[in-house]
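Quick caveat: nothing in here was measured; it's all calculated off a predicted structure.
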Amino acid sequence: MNNKITLRKNVLCLSIAAALCGAVPVQVFAADQVLADDEEITDSQKKASDSKDGEGIGTLIVTARRLGENLQKVPVSVTVVTNEQINEAGMDSIVAIESQAPNTTLFSSRGTSSTLSAYIRGVGQNDPLWGFEPGVGLYIDDVYVARPQGAVLDMLDVERIEILRGPQGTLYGKNTIGGAIKYITREPGLEPEFKASLGLGSFGQQDIKVAGSTSFADGAFTIGAAVGSFTRDGFGEVRGTSEFAGDDVSDKDVLSSRINLTWRPTDNLNIRLAADDTSDDSNTRGGGRLATSNVTGLAPLSDVHDTRQNLDPSGNEVNSSGQSLTVTWDINERWQLKSITGARDGDTFSNIDFDQLDSNDLDVIASYDDDQTTQEFQFSYDNGDNLTFIGGLYYYTGDASGTFDVVLGGLVGGLGFTLTTAGSVETDSKSIYGQATYTINDKWSATFGGRYTDDDKTAVVKVDAFLGVPGALIPFQSRSDFTNSASFSNFSPRLGVEYQANDNVMYYGSFSQGFKSGGFNMRANKAADPGADLPFQEETVDNYEYGFKARMLDDRIQLNGAIFYQDYQDKQVTTNTNVDLDGDGVNDTFVGRIINAGEVEATGVELEFIAQVTESFRIDANLGYIDSEFNEFDGFNLDGSPVDPGTVNIINTPDLTYNVGFKYDINMSNGSAIVFLGNVAFRDDVSIFEVDSPLDQESYTVYNASATYYAPDGNWRFTLAGRNLGDEEYRTAGYNFPDLGLEGSVVGFYGNPRTVTLTAEYSF
């Protein structure tokens with residue numbers, strides 16, 4: 001399947017969006033429902049508040065530009081999912097918010113349930129191996145999470161999630177060329193709070209969450225804590241004659257905790273210490289074979305979540321933890337200084353049966369270990385009239401390492417073959433950034449800024465081949481054993497112009513750039529390719545965007561939209577490339593390398609719509625369309641001919657996505673209330689690999705619905721939520737190695753089947 005759309009369709013979508021932009025009836029907009037430009041936003045208001053005034057849509061405060069601002073005043077494509085939405089819809093993890101934002105793809109990576117793959121506007125990273133950087137940055141309370149392992153975060157004590165689309169290089173730094181996801185936890189208030197919930201559902205689901213907070217010393221100290229246990233039986237099980245037959249796969253066994261302590265020694269000084277810890281003992285994720293066994297002739301199982309694997313499904317463990325210290329000092333009415341210190345570490349051990357059969361034909365045993373420390377000093381300035389500024393210094397140091405064995409048990413006369421890959425990447429990154437907005441008059445303003453980043457990386461790579469099982473004493477071939485270093489630097493600018501037509505209509509145009517750092521191929525084979533230790537360089541995205549944010553009909557309707565064009569340069573791709581192996585100056589053969597092979601051009605449209613039809617009935621919808629294709633591709637086919645860029649797919653990026661939902665409130669005379677939610681989420685065809693494969697997913701639609709009852713006393717909430725009610729089978733990832741081993745590996749990993757959960761929550 002080729003991820004290409006005709007120019008006619010592209011022009012049509014752009015024309016529709018342009019017509020919508022031009023059709024906004026400016027004269028009917030009310031001006032009394034939004035924050036005035038000069039209204040002060042306190043720390044407590046920086047959380048997402050969705051309070052209504054009459055029948056209008058409430059004001060939403062976000063920190064997309066690192067300061068608390070009204071969503072409708074922020075010239076950035078950003079979607080916010082609030083705690084209320086998460087609870088009432090029964091969203092269980094960060095991947096469940098995928099349909100809430102246009103042109104966004106979030107899923108668990110291949111054979112794991114806890115490693116996050118994220119794509120926004122066609123930009124992301126499909127390989128979670130150490131040494132590769134993500135294309136979408138994840139932040140927990142403004143602390144960058146560098147590795148995807150353990151990043152499928154459960155919804156515990158979360159205040160809101162912000163999804164920023166497009167490059168965020170100026171304010172958020174490297175590895176946000178697709179966008180950024182901000183997971184923002186609840187900040188304790190001065191009054192005592194307590195919340196406990198129990199969720200029971202399909203597949204033996206039992207979710208228990210307890211959270212509370214209080215203050216003491218006349219409010220000088222606040223402390224909050226939360227703990228959650230998330231368990232569920234498997235969506236599938238091991239079938240056949242394996243010694244593990246009957247064991248669950250794709251189950252859930254997660255224990256998470258979070259604590260934060262805030263000290264306010266003076267009115268202008270705030271010190272917040274936070275820590276989180278997650279232990280995931282879930283079993284292996286089951287994958288469905290798409291091909292009949294070459295040896296036994298066994299056909300694929302009827303249930304795509306079942307497996308015939310020979311590895312112990314309980315041999316998985318993921319641990320991650322983090323700590324942060326945030327100090328905020330209001331120096332005076334104009335200046336604020338913030339220090340954000342963060343540390344995170346994690347370790348992963350996993351068994352992945354690539355062939356999903358009861359034989360050791362193609363098995364992988366892997367372990368990962370990572371740690372990071374970050375320090376950011378942030379300065380903000382507001383003269384109260386026409387100039388705001390935010391800037392700072394940022395430092396990151398981290399070490400990502402691991403090892404994995406690829407075991408081909410059926411080769412070499414039954415003796416077997418093992419390829420062991422081990423290594424690490426140490427990174428030191430420093431940057432300086434600044435962004436200012438200058439108000440020219442009551443209509444026009446301009447934003448300009450930039451960030452300079454310098455990365456230093458040292459990679460250690462060791463790849464050995466053995467005859468026999470893992471642990472053999474002497475390899476018969478050392479494919480790589482090297483240490484190399486490289487530096488990467490980048491300046492990411494942002495320029496923008498904003499036009500405030502009136503209090504409820506804003507238009508903006510912007511240019512922004514982001515970059516993803518370069519690195520080394522951790523699977524390098526220097527025995528076959530002497531140049532395999534050379535680094536691949538950084539990749540960049542230039543984004544040109546025109547957008548609008550509008551409200552109309554006395555704040556009953558909100559329509560936000562954007563048209564964007566992206567120039568994605570020096571894209572990092574694993575491909576065959578032509579090289580000179582004998583040193584005679586002539587490229588005489590080709591080898592597999594990670595190179596800056598591609599240039600991608602993308603044009604897209606995004607619309608987000610809210611209509612408060614009545615005081616009780618609300619409609620929410622979003623639409624994303626993207627036309628992206630390779631203009632250049634520096635690679636070679638196996639016969640030595642150049643790759644035609646038109647045959648290379650843009651992966652994990654459906655051309656069209658849309659989501660339509662409703663919310664209906666019924667207020668009872670006794671003070672109780674019932675809230676009904678429902679939504680339909682559509683995703684177009686998706687390519688899982690750069691080349692066409694049997695794993696490519698055709699378009700599909702998912703239906704969700706829920707009902708929430710709020711008791712009259714305000715303390716009890718009961719939610720019955722159904723997800724994927726149509727029980728749609730859809731692939732999100734897979735392995736495509738049809739010629740590897742005797743059996744080959746063409747295996748798909750699927751989204752969750754239909755689930756129903758009843759949650760009871762008590763709070764005061």
Side-chain angles (χ1 to χ4, degrees), residues 3-6 9-21 64 71 76-81 85 94-107 117-124 135-136 161-168 176-181 508 510 512 541 543-550 558-566 568 600-610 619-629 649-661 679-687 697-702 704 730 732 751:
N3 190 19
K4 298 176 66 178
I5 296 297
T6 64
K9 184 177 179 183
N10 182 30
V11 172
L12 176 62
C13 281
L14 292 178
S15 300
I16 292 172
L20 286 170
C21 294
L71 172 65
V76 176
S77 295
V78 55
T79 298
V80 182
V81 184
Q85 291 174 289
I94 197 169
V95 299
I97 68 172
E98 174 188 69
S99 63
Q100 303 300 305
N103 288 326
T104 299
T105 299
L106 304 172
F107 60 91
S117 289
Y119 279 74
I120 297 178
R121 294 182 176 177
V123 183
V136 174
I161 297 174
E162 299 178 10
I163 304 173
L164 286 61
R165 299 184 297 280
Q168 306 296 323
T176 57
I177 56 173
I181 300 173
Y508 69 90
S510 66
S512 60
V541 171
N543 183 77
Y544 303 84
E545 185 168 325
Y546 164 70
F548 66 92
K549 297 193 174 183
Q558 178 174 298
L559 180 63
N560 296 343
I563 302 172
F564 63 88
Y565 167 79
Q566 285 189 165
Y568 190 178
V600 177
E601 187 177 80
T603 306
V605 177
E606 294 169 350
L607 293 172
E608 295 180 284
F609 173 79
I610 302 174
I619 297 174
D620 299 82
N622 69 68
L623 179 146
Y625 167 76
I626 184 169
D627 179 9
S628 57
E629 60 184 9
N649 300 323
I650 306 297
I651 64 174
N652 298 319
T653 304
D655 299 321
L656 178 67
T657 61
Y658 65 76
N659 180 67
V660 180
N679 76 290
V680 178
F682 171 83
R683 299 184 70 79
D684 214 341
D685 299 351
V686 174
S687 296
Q697 174 62 46
E698 296 182 350
S699 62
Y700 62 92
T701 303
V702 171
N704 307 303
Y730 58 94
T732 60

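- Of all non-hydrogen atoms in Glu608 and Pro102, the two that sit nearest each other are OE2-CD, 3.9 Å.
- Atom OG1 of Thr603 sits about 8.5 Å away from atom CD1 of Ile626, to the nearest 0.5 Å.
- Among all heavy-atom pairs drawn from Gly561 and Tyr508, the shortest one is O-OH, 4.5 Å.
- Phe682 is not listed as a side-chain neighbour of Val660, based on a closest heavy-atom distance of 4.5 Å or more.
- When all heavy atoms of Glu162 and Val78 are compared, the pair lying nearest together is CB-CG2, 4.3 Å.
- For the pair Leu71 and Lys549, the minimum side-chain heavy-atom distance is below 4.5 Å.
- Aromatic ring pairs are classed by plane angle as parallel below 30°, tilted from 30° to 60° and perpendicular above 60°; the pair Tyr700 and Tyr730 is parallel.
- By the side chain to side chain contact (heavy atoms under 4.5 Å, CB included) test, Asn543 is found to be paired with Arg121, Pro167, Ser512, Glu545, Phe564, Gln566, residues two or more places apart in sequence or in another chain being considered.
- When every heavy atom of Ser628 is checked against every heavy atom of Val600, the shortest pair comes out as CB-CG1, 4.3 Å.
- Of all non-hydrogen atoms in Ser99 and Asn659, the two that sit nearest each other are O-CB, 3.3 Å.
- The line from OG1 of Thr104 to CD1 of Ile120 is 4.5 Å long, rounded to the nearest 0.5 Å.
- For Val680, the side chain to side chain contact (heavy atoms under 4.5 Å, CB included) criterion is met by Thr701, Tyr703, not counting sequence neighbours.
- Between the side chain of Asp685 and the main chain of Ser699, a donor-acceptor pair closer than 3.5 Å is present.
- Once rounded to the nearest 0.5 Å, the distance linking CD of Gln168 with CD1 of Ile181 reads 11.5 Å.
- Side-chain atoms of Asn622 come within 3.5 Å of backbone atoms of Gln100 as a donor-acceptor pair (strictly under, hydrogens ignored).
- Under the 4.5 Å side-chain criterion, counting only non-hydrogen atoms from C-beta, Phe609 is not in contact with Leu623.
- Heavy atoms only, all atoms of each residue included: Tyr625 and Asp627 are closest at OH-CB, 3.4 Å.
- With sequence neighbours excluded, the residues forming a side chain to side chain contact (heavy atoms under 4.5 Å, CB included) with Glu98 are Thr105, Leu106, Arg683, listed by chain and number.
- Counting heavy atoms from C-beta on, the side chains of Thr79 and Arg165 come closer than 4.5 Å.
- One finds the OH atom of Tyr119 at 4.5 Å from the CG atom of Asn652 (value rounded to the nearest 0.5 Å).
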